Each structure stands twice: as C-alpha cells, then as structure tokens.
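Keep in mind it's a predicted model, so treat the numbers as computed, not measured. Letters go in sequence order (proteins before strands), and every chain restarts at 1.
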Amino acid sequence: MSAERERREILIATIADLLDGIRHVAVGASSPIPAAGAMLLRARNELRGKPPVRISILGSRAHSFFTNGGIELFDCAAQGRVDAFFLGGGQIDGEGNINLVGTGDYPASQVRWPGSFGSAYLYHLVPRVILFREEHSPRVFVPKVDFVSARAMTPEVPRRGGPHALLTNMALFDFDREAGGFALRSVHPPFTPADIRENTGFAYQEPDVVRETPRPDAATLALLRGRIFDELAETYPAFARTMKQAA
Amino acid sequence: MSAERERREILIATIADLLDGIRHVAVGASSPIPAAGAMLLRARNELRGKPPVRISILGSRAHSFFTNGGIELFDCAAQGRVDAFFLGGGQIDGEGNINLVGTGDYPASQVRWPGSFGSAYLYHLVPRVILFREEHSPRVFVPKVDFVSARAMTPEVPRRGGPHALLTNMALFDFDREAGGFALRSVHPPFTPADIRENTGFAYQEPDVVRETPRPDAATLALLRGRIFDELAETYPAFARTMKQAA
Amino acid sequence: MTEIVTLESLAARVTPGQSLAIPVDGSGVAMTATAALLEAGVRDLKLICVPISGLQADLLIGAGAVASLETSAVSLGEAGAAPRFTAGIKSRAFTMRDSTCPAIYAGLLAAQKGVPFMPIAGIIGSDLLNVRSDWQVIDSPIGEARKVVVVPAISPDVALFHAPEADRDGNVRIGRHRELADLAYASKRTLVTVERIIDRNLLDGEDSAAGVLPSLYVDTIAVAERGAWPLALWDEYPADEAEIARYAAMARSEDGFRAYLSAFLTHRRQVA
Amino acid sequence: MTEIVTLESLAARVTPGQSLAIPVDGSGVAMTATAALLEAGVRDLKLICVPISGLQADLLIGAGAVASLETSAVSLGEAGAAPRFTAGIKSRAFTMRDSTCPAIYAGLLAAQKGVPFMPIAGIIGSDLLNVRSDWQVIDSPIGEARKVVVVPAISPDVALFHAPEADRDGNVRIGRHRELADLAYASKRTLVTVERIIDRNLLDGEDSAAGVLPSLYVDTIAVAERGAWPLALWDEYPADEAEIARYAAMARSEDGFRAYLSAFLTHRRQVA
C-alpha cells in the first residue's frame, strides 16, 4: 500500500506542478487525483502569497460556484474562464487524439466505453488540457485511435485549447503543439525509459537523457498528507481515507 | 371625466372580448387598458368556469412568473406559450406594418420615437397580436409607414404570429391575413363611419352596415369597477384611482 | 394549468414512440416514475440524456423500452460501466446517437428559442461529425471567416425529472439545477415527480423565486417520496451506492438484470 | 478574484472608447456609478442597452459621453420621451444602431457561448435588417428549408450594473434578474455597485445560491447606497417618479440638461 500511496503522491504533486500559473481549473467527477493536485496548487499558492486558484469539481456542492446549470462549465470554457481541465481516454494516440467511445467499427464497437462526454468541445477551448490516464499500456496508447472523440490539432480552425501534457502511472510527456506529438519529459521511479518504450504504442520524442520524475519534497508531503487529504475528504471520502490510512 | 371613463371602459371590455379563448397573454409595461382587459377576461372565465387565463405584465412583480430574466418572455413566445400580446406604433399602415422608430429619413428622423422594442420579433411569434393605439388620426394611420419596425405579413417565411385586430379610441378593425389588410368591425359611440374614414390615412374594408361597438353590460361594469380596478391598482395605482374616482 | 395526479396517471402521459428527455444522475432523476413507466409497458422510446445518464437509461435499455438513444455518455459512475447499455450496443438493440454534452444543451437551446439550429464552439475534427449526419460544419455567415459546427434543435415530446418540492400552483423548486429548466423550456410536455407538495407559493420572495421553474412549463406533477432512489437528490439524500453496485453486478447478465428489474418494480409497488 | 474598491476606483476601470453594456431600468441600473463615470470624464463610449434604457442612457448622451448607441429603445417610461436621445438623433451626435430586444440578448448569448453569431426567430421583413448591415438573413443549414436571421456576437468591454448585495468573496445577489448574469457572462469585465456587502457567503444554501452571480464573473465591486436612485431597485426601493419627471422637463433644453447634470453630480458628491 505504501508503494501505491507513493505512486499517487507523485501523480498529485506532478499535477500541481503542471497547473502552476493557472487561475481556474475544472475537474471532472470521480477524479480524486486531479482534484488533489489542484488543491495542492491552491494551498501552495496561498502559502507563497501567489494568486489564488479557483477549483471547480463537477458534481461537488462545496467545490462549485456554478449557478446556471449543467451548461455553465461549457459556457465558462468558451468565455476563456477555464484555464485547465483533465481528459482521459480508452485510447490516446501519438497525435494527442482521444477515444472515449469504443474500439472496432462504430457503432457496434468490440469494446464500448461510456461516450465522449464534453471532450469534443472542451479540447478546443481549454488552454491547458492535461491528459491523465493511469494505465500505461499499448492497448491504451495506440498509433491511431479507432474513434476520435476529440481531436488535438485542427489547423483548419483557430482554437485556444488542446493537450498540454500526458501523465500516466509510469511517465510524464509534454505535448508539442508545433510538432503535433508527445515528448517524454520524465519517468516515475522505479520505471525506466525502456519500460515506457515497451508500453507505449505510439511514437514520441525521447531526449538523450531522460529525467526521473521528482518525488514530492518533505514540505509538499506534509501539506498533502495533512490539509489536502482533509479537504479532499469532503468530495472523495473513500480515497482520502485510504491515503490517510496508508500514512 | 365620465365620458373619458366610459371610453376606457368600452376599450377594456372590447379587449377582453378580443382575448377570448387565450390561455396566456403578455402585456407590456405602462399599458393599463390592455392589462385591465386581460384581467376582465380572467375574472369572467373564472366566474363562468372557463379555462384559467394567465397574465404576464412586464415590469410587474405580482403579475410575473418569469424566473429566467429579460429574455424569458421572448423565449416563451418562440415556444408558442404566449397566445396574445399588444403592440402600438407611432405609425401603423394599411398592411398592418408598424413603425416605432420615427418619421422621415432614417437615421436622422424628423420625429424620433423610442425604438422598436421587441416588436420585430414578437409580431412573428404571437398568434393574436392586438394593435392598440388610442389616438385615431391620419398621422398615425398612414398609407405606408416611414420605417417598418415590424412587418405584418411575410409570405417568404412560415410564421404563427401577426395582427389580429386594431383597436383605437374610435373604432375596432379586424385584420384579414388573407387579404392583408384591415376591415372595420365596429365604431365606438358617438363616432360614425364617416369619422373613421376622415381620420384613417389607409384604405380598409367597410361593410355596408357598420355596427356600433357594444357598451359593456351591467354585470361587466360591476366586475370592472369593483374587482378589476382593485386588481389593477397593484400595478397601475394612478390609473386605477382615476377610474374609481370617476365612478 | 398544471395537473397534480397519481404516479400511475403521470406515467400514462408517456406513450410509445415518444422522445423522452431525462437529466443527469444527481440532478433530479425520476427513478420511481421510471419504474411506473416500465410497469405501464412504455416502449419504443427515443431517449435523450441531458447530457448523460446512468442507472435510469440502463434500466430502460435493459427492459427493451428504448428504440434510439441520444447521449454524451452512459455510465454508472463509481460503480463502473452501464451493463445493459454496453450489451445493447453490441447487439444493436437500439439506434445509437453519440453526442457531446454541450451539443445536447445547444439542441435544447435551439428549441427554447424557436430556431432550427444552434451554432456551437469546438467539436471540429471529432468523428462525432462523421456519425452525426444531422450535424453540419458551415462557414460562419458573420464576422471572421471560420468554420462553425451547427446542430439541430432538440424538441423532446416529454421531459421527466424529480425535484424536492412543488407548490399547489405547479411551480417547481429547481434551485441552481437550471438544466432542469433547460429541459422543460425545450420540451412539449414536462412531467415532474416531487418529494412533497407545499402550501406556500414558491414564487413569493426573491430568493425563493430565483430557484423556481414556473408552472407555465410544468404539465403534470405527482408525488413520489424518495423518488430518485437509489440515485441522489441534490443534498436531500445521497446516492445508495450499495444498491447501485448491486445493480451493476446483477445487470452483467440478462437473467440477473431481469431479477433486478422485477425486484425494482416490486419495490415501487410496496412503497406506493 | 473580485476586487472591492471605492466608487471612484470602480469608475476609473471604464476607459474612453470602450463598449459599455447596461441593463434596463428597474433591473439594477448603476446611477451613482454613472455620475462617477461622468465626473471622471468618460467619453467615446459604445453604449449597449440590454435591451433598452432610459435615464442612464439619456444622461450619458446629454453629457456627450456616447459615440455609438446600440439599443431597442430609449424612453423615460411614464415620464415620456428621452430628450437628449431625441435631440442627439436629430443632430447625429452619435452613431445609432437600432435593434430589437431579443436580438441584443441573442448577441450576448453568442458571446457567452463563444460562437461568432446566433440565429434568432422573427425579424424578417423589418427595416432593421436594412439598417443593420451586420445582421444577415441565411438559409437554415439544417432542417426545413427556411430563412433565418443571424446576428453577430456582442462582447462588451465592460458591463456595469447595481444590485442589492454582494458577499466578501465577490458573489452578487441578482435574484431572478438573470439578465444581469447574461450581461456578465458576455462581457470582458463586469463592474457592480451594491447597496451593501454582507458577511455570509451567498452561495451557501440552495435557495440563496440560485439567485447568485458567482464572483468568477465579477471583476470589481463598490458600495453605493441607493445607487440606482432615482430609478427603482427591484422591490428594495421604488423609482423616484417626481425626480424623473423633473429630469424630463429640464432636459428638454440643452441648458436645462446642463443644470440638471451639474446638480446630479453634486448630489453624488454630497451622498458619498
């Protein structure tokens, strides 16, 4: 369990770093790790006297200041009032396209997932979309998705939104909007660049020397294991309890 | 003052008759006579066990059940949930077009009125638009308006809305959507068909025998001078007071 | 004017072949009314999830009541995939109309405003545009020369949802769940179940009125206590996670689903 | 995050040449802030009335602060025509952009949704289409073949209104006056004056929250007691009809207007 907690803590701290500088981040329902990352950034900014961070957690009463119904998040993104959001995907390809619909021939998919949710829209409108998918395997990271729920690059139309980074259980990639693909930034211990190559079905840029994803420092861990998991408990009681028990 | 009261009572009772059968009528701000007509219909339906009538008076707290801001009346009309509405006009022409903008060359009008308000939209969408203009003169009822704020007939697009009748201080006209013009239905006492011809700048159909607009019967007058003016006082205190004092 | 009737009478207002719009889990899902609909033998529904659904859609699909499904997702959330939805996709039990959340709201908004279509940001590049032949990409007729997606109006025959309370005039408290108003504005008829009917008029007072769907948009109301169970109703009561997990497990097989459904319908009759 | 400042500082946020959106009389018109704007010498405004205006627009026009005016009407209501508006039309003191109420809301809605245009029902046949070259009539790209009017997005630089209260986080109570939210969603910056700042958070509680414009949309707040005077503020206070009638009479002449304006500005300084 301690390894599991450590894995999650690295993800949370990495997300906080990826969000640095934003004013408003929206987090989907059932996303405790992104939510914890956002809360960590908020707490850190507060302690450092940096600008406040607003967090919207969909479906949470305490972390919502929306009063115009289900459309408000989407309108808000269209207005440029949402700086960051998280998307996952049953498949993600090397061009950053994501598939939330299914594999095989549409519509009678071999494997069917829930559906595209708001991805087709938000990918265009939120400047810093963080692709977050814990499972790092060739079946997830494919050369070409079977169905494009949301496309990462559309040179035919102006857009402010798109992928910023891809974070998995094993590694962190940057997305290069110029090149239109991913570049490996760091690998989480104990994995190696070879593990990443083996488990990634798409091509990506790899630097000569690949960094290790930094573990959170002591101050960050203290903040996380105290205040952040307490804050998280309101929305994700089971997750927060597990993390606290492991401590 | 008694003649003035009688004039207004005829208008109010005529409006109630024109509205017969509707479920929801919207009344603009500063329109005590249309509002009183709508209230008279509502009370009469209630007494006769006929279907209830809903009245929206713009700008009134007590007579509004809108909760979605200023757009709701317009959306409501687009949904087919508003059966009747009143429009006036600085000029009204024989084809039922209305001008709320001004006379002479736009934009530097000779006479400038406030503006088109929602007329250009509502005229298309509300089935029973009652044109209500107290002043009956050739400067109001013109052959052709100088500016069409809202057009009565647009064969190039489907529409459910348009003029139903024109009510003035002197007469009541029906609007004939087939013929695209007005037909004199009745003349208010003490006026004559000749008075109407003299004071109307546009051509209209005139039957061989022109009826006199009926005066409200005793039951209607009792209802009007009692309950209706009391109800009206909430929104139009000055108007209701004048009418009660004259009684 | 709004009629206040029994749950059975409310259910009878939905007829086979109609399009039925329902809200997202937790926003006010009329689960007890869904049981009553299934009991009444509703079928051939054109189901429209605003903008996604979970247990409610899965039950209707499993019971064979759905002819076509327009949604941005069907999922049981924490309890995982929606088993009857997944199985129905494989067996092509219904026509699937995949969407994306704001496109469903945009379609409803077009109906609310009486226009045939609504433009919407984003979406370009998505394969949704290939499978939704009713969506178009046009050159913006105004302003900067650019492509814009337009989607058709969605005018459901019936909207169905659950809320904490209504007053005797038929006004319904929706709080900040304005997606319920969006549903009602766009729909030809709106059916609402509520926990309770209250005596005071909800439109009295500025704070109260702000969270009200006026009776003008509400055709039929029935009382159904705990009518969203096993789903949550705002902060009135939480979801019954154990029950939803039980459903998720049982509904993996057709037989398990039948057993669950039968018990679910029996439960409604006992509560009523 | 929302800043809470003095009225003078709030007024300084509006700079010459900006587009300024204001609500209809009675909905929450920031009259005291308007005095502060005029005192600060605001000019060349592109004024957008949502969807009409009265005293506020007439004062700004009379003071020479308006370069262009988009509105569906300007009127003092019971007090009659708006004299400086009428005079300004004759002297072509500003560029007039005549509109119709729902078209102004449609333009704001397009901005709210990040699309370049919005379709709107009706309007066809109106001469407004001749004088508004930025409006178009198109063939509907979807559904039945028919003509539809489309209007461009309206994205005001600044929205300015008055409300009863805000909390310390910058949430503003708007009750059912959702047109104020429409204004804020569409505008780049939103300035709000309030009667009072309260300590409790307006988003706490479903009823209260339903009538709140969240601070996300509110850039700057200042306190201005009786800040809508002489206009009404909801049911907080009625319009001062005598004062408005006095304005209507004085503003018939340029000199009379100058005298009124001077007294109006003095009044603000004395109240402050």
Between D/T100 (side chain only) and B/F117 (backbone N and O only), is there a donor and an acceptor less than 3.5 Å apart?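 The answer is yes, because a donor-acceptor pair under 3.5 Å joins these two groups.
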
Between the side chain of B/T154 and the main-chain N/O of D/G125, is any donor-acceptor distance below 3.5 Å?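 Here the side-chain-to-backbone pair does not exist.
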
Measuring heavy-atom distances to chain D, does [X] have an atom under 4.5 Å in its side chain, in its backbone, in both, or in neither?
X: B/Y123; result: neither
X: B/I71; result: both
X: B/V111; result: backbone

So do [Y] and [X] actually touch side chain to side chain, heavy atoms under 4.5 Å?
X: D/E179; Y: B/N68; result: no
X: B/H124; Y: D/I123; result: no
X: D/L128; Y: B/S116; result: yes

Which atoms of [X] come close to chain B, meaning under 4.5 Å heavy atom to heavy atom: side chain ones, backbone ones, both, or neither?
X: D/I52; result: side chain
X: D/P102; result: both
X: D/S99; result: backbone

Spatial distance of atom [atom1] ([X]) from atom [atom2] ([Y]) [nearest 0.5 Å]:
X: D/I124; Y: B/R151; atom1: CD1; atom2: CZ; answer: 11.5 Å
X: B/I98; Y: D/S126; atom1: CD1; atom2: OG; answer: 9.5 Å
X: D/K90; Y: B/Q110; atom1: NZ; atom2: CD; answer: 7.5 Å

One pair to check against side-chain contact (heavy atoms from CB on, under 4.5 Å): D/C101 and B/Y121. What are the steps and the verdict? CA-CA 8 Å; D/C101 304; B/Y121 177 94; over 6 Å; no

Chain D: which of B/A150, B/A238, B/P158 shares the most heavy-atom pairs with it under 4.5 Å?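 The answer is B/P158.
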
Could you check which of B/S119, B/P114, B/G118 has the highest count of heavy-atom pairs closer than 4.5 Å to chain D?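 The option with the most such pairs is B/P114.
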
B/R23 atom CZ, over 12 foreign heavy atoms within 6.0 Å: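 No, not enclosed.
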
Closest-packed option against chain B by number of heavy-atom pairs under 4.5 Å, given D/I120, D/D25, D/V24, D/V131: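 Looking at each of D/I120, D/D25, D/V24, D/V131 in turn, D/V131 comes out on top.
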
Run the side-chain donor-acceptor check on residues 78-89 of chain D: report pairs under 3.5 Å with partners two or more places apart or on a different chain.
residue: D/E78; atom: OE2; partner: B/S30; partner atom: OG; Å: 2.9
residue: D/R84; atom: NE; partner: D/A251; partner atom: O; Å: 3.0
residue: D/R84; atom: NH1; partner: D/E254; partner atom: OE1; Å: 3.2
residue: D/R84; atom: NH2; partner: D/A251; partner atom: O; Å: 2.9
residue: D/R84; atom: NH2; partner: D/R252; partner atom: O; Å: 3.1
residue: D/T86; atom: OG1; partner: D/A82; partner atom: O; Å: 2.8

Does anything in residues 140-148 of chain D get under 4.5 Å of chain B by heavy atoms, and if so which residues?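 The list, in residue order, reads D/E144, D/R146, D/K147.
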
Judged by modelled atom types alone, do D/D98 and B/Y106 share a side-chain donor-acceptor pair under 3.5 Å?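 Indeed, the side chains of D/D98 and B/Y106 share at least one donor-acceptor pair under 3.5 Å.
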
